[in-house]
Amino acid sequence: MANIQVRVNDELKAQADTLFSSLGLDTSTAVRIFLTVAVENNGLPFEVRHSLPESFRQAVYDTRNRVNLHGPYNSAEEAVKAMLEE
């Protein structure tokens with residue numbers, strides 16, 4: 001049987017221990033459950049999201065869909081100048 005060591009801060013460990021204990025589990029069992037479900041799903045067993053500013057999300061959308069783009073520019077200086085004008 002293999003061992004996994006994970007470093008977390010003391011507060012997170014205490015909170016996780018309390019949570020899992022309230023569910024009738026110890027932290028090691030909870031981690032084994034997480035790993036088992038991840039392997040069964042061939043990925044993380046939950047949606048991973050992060051909070052990005054709306055302007056950034058819009059810029060990514062525009063880039064992927066090739067809309068609202070400016071340029072092409074002949075040099076980096078031209079591109080920077082155009083960005084500063086907006």
With rounding to the nearest 0.5 Å, note down the distance linking OH in Tyr61 to CZ in Arg66. 14.0 Å

Once you round to the nearest 0.5 Å, how far does OG of Ser75 lie from NZ of Lys81? 10.0 Å

So which heavy atom on Asn74 is nearest to which on Glu78, and how close? N-OE1, 3.1 Å

Could you state the interatomic distance from CD (Gln58) to OG1 (Thr63), rounded to the nearest 0.5 Å? 9.5 Å

Do Leu19 and Thr27 touch side chain to side chain, with heavy atoms closer than 4.5 Å? no

Would one find more than 12 heavy atoms of other residues, nucleotides or ligands at under 6.0 Å from atom CD1 of Ile4? no

Consider only side-chain heavy atoms of I, L, V, M, F, W and Y, link residues closer than 4.5 Å, and tell whether Phe20 and Val37 are in one cluster. yes

Between Asn41 and Gly43 (side chain of the first, backbone of the second, donor and acceptor by atom type, cut-off under 3.5 Å), is there such a pair? no

Are any non-hydrogen side-chain atoms of Phe46 and Phe34 less than 4.5 angstrom apart? yes

Is there a path of hydrophobic side-chain contacts, each under 4.5 Å between heavy atoms of I, L, V, M, F, W or Y residues, that connects Leu35 with Val39? no

How many angstroms lie between atom NZ of Lys13 and atom CD of Glu11, to the nearest 0.5 angstrom? 13.5 Å

With a cut-off of 6.0 Å (strictly less than), are more than 12 heavy atoms of other residues, nucleotides or ligands near CG of Asp10? no

With a 4.5 Å cut-off on side-chain heavy-atom distances among I, L, V, M, F, W and Y, is there a chain of contacts connecting Val6 to Leu44? yes

Say you draw a straight line from CD1 of Ile33 to OG1 of Thr29; how long is it, rounded to the nearest 0.5 Å? 6.5 Å

